[in-house]
Amino acid sequence: MRKVASCSALSFSNFYTNCAQRKPFFLSRKGLSNVIPSRSSLELHSHLYSDWLVSALIVGVNSCSRVFYCQAFHARVIKSVNYRHGFVGDQLVSNYARLGYPEYAQNLFDEMPNKDLVSWNSLISGLSRSRFTTKCLSAFCKMRFEMGMQPNYVTFLSIFSACSDEGALSEGKCIHGFAMKLGMLNDVKIVNALINMYGKSGYLHEACRLFKAMLLQNLVSWNSMIAVYTQNGLAEESMGIFIMMRRAGVEFDQATMLTVLQACENLGVRNLAGSIHGLILSFGITANVTIATALLNLYSKLGCLHASSKVFGEIIDPDNVAWTAMLAGYAVHGHGKDAIKLFQIMVKKGVQPDHVTFTHLLSACSHSGLVNEGKRYFKIMSEVYGVERKLDHYSCMVDLLGRSGHLSDAYDLIRCMPMEPTSGVWGALLNACRVYGNTELGKEVAERLFSLDPSDARNYIMLSNIYSSAGLWREASEVRALLKERSPYRTPGCSFVEHGNKIYRFVVGDRSHPQAERIYNKLEELIGKIRKAGFMSKTEFVLHDVDEEVKENMINQHSEKLAMAFGLLVTDAAMPLIITKNLRICGDCHSMAKAVSLIERRTIIIRDPKRFHHFCNGLCSCGDYW
DNA sequence: GCCTGCCCAC
């Protein structure tokens, strides 16, 4: 074994730690470093890598997801050891597969003359990790039936993990039976993998049964249960498991917290977010950047931007993800100038922005109408910051150009995109057509969207609204007929308000609330006041081609308006009223919220799937473009 | 010696 030049004892201890934690790290002339070396330096110093070190370094390569490094090491390995007989070959197989190159992995594997169980496991686990489910299952079958090899528990772990993918449950069930015959189900890791497999496929009963039947659940078992409930949209049940876990005296970890914060976001209860924040504080894990970032992200999504920036300020050494999360918060709340300021500070501090940072920065510019700034950042992002333009960036730019009314520029940008434009990109342009009433282009763009995704109701509604606004009732009703035909089951619009520890839900014309009478009276009172102040209904936003009066009645019972009336009745007048909507906010409700914010002297925040609208003194933070 | 379950945040 060759000696490695000038590595201190400390470097080696870091090396082993990194190896265990699978962090990327590399060998430099000075020793070990986590700075990724250049290609030339890799080639220059490749003679330094001894066989065992190569194998360990390859583990490090796993996490940096760059196939180039894998190949560089591969080349070195071929020169230095007979990898076909050694464990290095196994690792390479696994790495190629998990880096998303199953063909390389398969070829290398096929070349290996002595394939033992570990070799097979390397292939199977690699394919499982990178979600090549079919390839993974066929490798498993080949191993079992063609080679007659008996799988061990490592094989089963990989296989069950692969079968948690959609559509592979039946195979998973079958292999579950096989594992049972081999007596594998006493292993806690195997059962955890099964809980995930059944849970992710929607079989919560089976997941629950396995969990309860366990002799001793470990932390991962609990985390898995919490996660599968959250993934199935049962956030309340997920929180219930978390409480049970605490009662059972099991200490939580980062994985628990990230899942619980996710559940909390799904529930949308601000009170709960506060309690979890308290729990995080009491366990002194605020120093954990990952958890702090998830928490600040949660607060931002729940409409509490102040709380987000407070959490951000308390992070001792925020990384680029934390900076980006804060920037995203400013963006979605329409604080474009703050987002730009934050970006400048971030860069000044030497934190490298990545493609996600630029997505949010451009979206911030777009959401706040900072058209020139957005254009500038789009131009310099690759030149100055070395961040390649991706699909999302083009999407933001189309939105930005559309907002400023430059529809043809937006169209040109789409046409010269280096990648195929997706429905998101065309959708941004269609929205611009709606705002600027461009029927001609709107029709063309909508047609493209209909062929890309025929079942997406939003595009039909958008086009129908474009026609209605232009008074083209016949065309509008044709589009609506098309919608009915292609997407008969539409999500009803609903709005949510938190009061006490409960979330109240409203749909259009809702009378299910026990205080419906009071709510409708309040709504009538508000509308009366607004009319007096010269506010008219924007009836073009109603999708029914009926006479004006009926139109106005329906629009006056939109879920946003009911939520607003209810919120004004029951929530603290000193606090902003926060409403969440599952669909894009309607134009008439948008105008009404502006008027109410002025007349009732109340800040109203409405969150729709795209952004937050802050209504204050008769104005909205979106500048009437959304 | 290698292969291994949950969450992996923007």
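Proteins come first, then strands; the chains are lettered A, B, ... in the order of their sequence lines, and each starts at number 1. Computed from a prediction, not measured in an experiment: that's the story for all the values here.
Picking from B:dC7, B:dT4, B:dC6 the nucleotide with the shortest atom distance to the side chain of A:Ser158 gives B:dT4. Closest to the side chain of A:Ser224, from the set B:dC6, B:dG5, B:dT4, is B:dC6. Listed nucleotides B:dC7, B:dC10, B:dC3 differ in distance to A:Val154; the shortest reach to its side chain belongs to B:dC3. For A:Asn121, the listed nucleotide lying nearest its side chain is B:dC3; candidates were B:dC3, B:dC7, B:dG5. In this structure, of B:dG5, B:dA9, B:dC10, it is B:dC10 that holds the atom nearest to the side chain of A:Val356. Comparing B:dC6, B:dC7, B:dA9 by their closest approach to the side chain of A:Thr259 singles out B:dC7.
Atom CD1 of A:Ile190 and atom P of B:dC3 are 17 Å apart (whole Å). Distance A:Ile241 CD1 to B:dC6 C1': 14 Å, rounded to the nearest Å. The separation between A:Ile124 atom CD1 and B:dC3 atom C1' is 10 Å, rounded to whole Å. Between the CD atom of A:Gln254 and the C1' atom of B:dC7 there is a distance of 7 Å, rounded to whole Å. Here B:dG5 presents its P atom at 20 Å from CG of A:Leu216, a figure rounded to the nearest Å. Distance A:Ile159 CD1 to B:dT4 C1': 13 Å, rounded to the nearest Å. Rounded to a whole Å, the CD atom of A:Gln262 is 16 Å from the P atom of B:dC6. The interatomic distance linking A:Leu342 (CG) with B:dC10 (P) rounds to 16 Å, in whole Å.
Contact between the side-chain N/O atoms of A:Arg129 and the OP1/OP2 oxygens of B:dC8 is not found at any separation under 4.0 Å. Checking the phosphate oxygens (OP1, OP2) of B:dC10, a side-chain nitrogen or oxygen of A:Asn297 falls inside 4.0 Å. For B:dG5, neither phosphate oxygen OP1 nor OP2 lies less than 4.0 angstrom from any side-chain nitrogen or oxygen of A:Lys200. Side-chain nitrogen and oxygen atoms of A:Gln231 include at least one within less than 4.0 Å of the OP1 or OP2 phosphate oxygen of B:dC7.
Side-chain contact, A:Thr359 with A:His393: a donor N or O sits under 3.5 Å from an acceptor N or O. For the residue pair A:Asn192 / A:Asn223, no side-chain donor-acceptor distance below 3.5 Å is found, with atom types taken as modelled. Using modelled atom types, one finds no donor on one side chain facing an acceptor on the other under 3.5 Å when comparing A:Ser395 with A:Asp392.
In terms of the side-chain contact (heavy atoms from CB on, under 4.5 Å) criterion, residue partners of A:Thr230 (sequence neighbours excluded) are, by chain and number, A:Ile226, A:Ser238, A:Thr259, A:Gln262, A:Ala263, A:Asn266. Under the ring pair (Phe, Tyr, Trp, His ring centres under 6.0 Å) criterion, A:Tyr385 pairs with A:Phe343, A:Phe358, not counting sequence neighbours.
Within the 4.0 angstrom heavy-atom criterion, no nucleotide atom of any strand lies near A:Asp392. Across all strands shown, A:Thr293 has heavy atoms under 4.0 Å from base atoms, whether or not it also approaches the sugar-phosphate. No contact: A:Ala294 has no heavy atom under 4.0 Å from any strand. A:Thr324 comes within 4.0 angstrom of a base, heavy atoms only. Residue A:Asn152 is out of contact with every strand shown, counting any heavy-atom pair closer than 4.0 Å. Here A:Tyr153 lies in heavy-atom contact (under 4.0 Å) with a base.
Formation of a donor-acceptor pair under 3.5 Å by the A:Ser300 side chain with backbone atoms of A:Leu296 is not found in this model.
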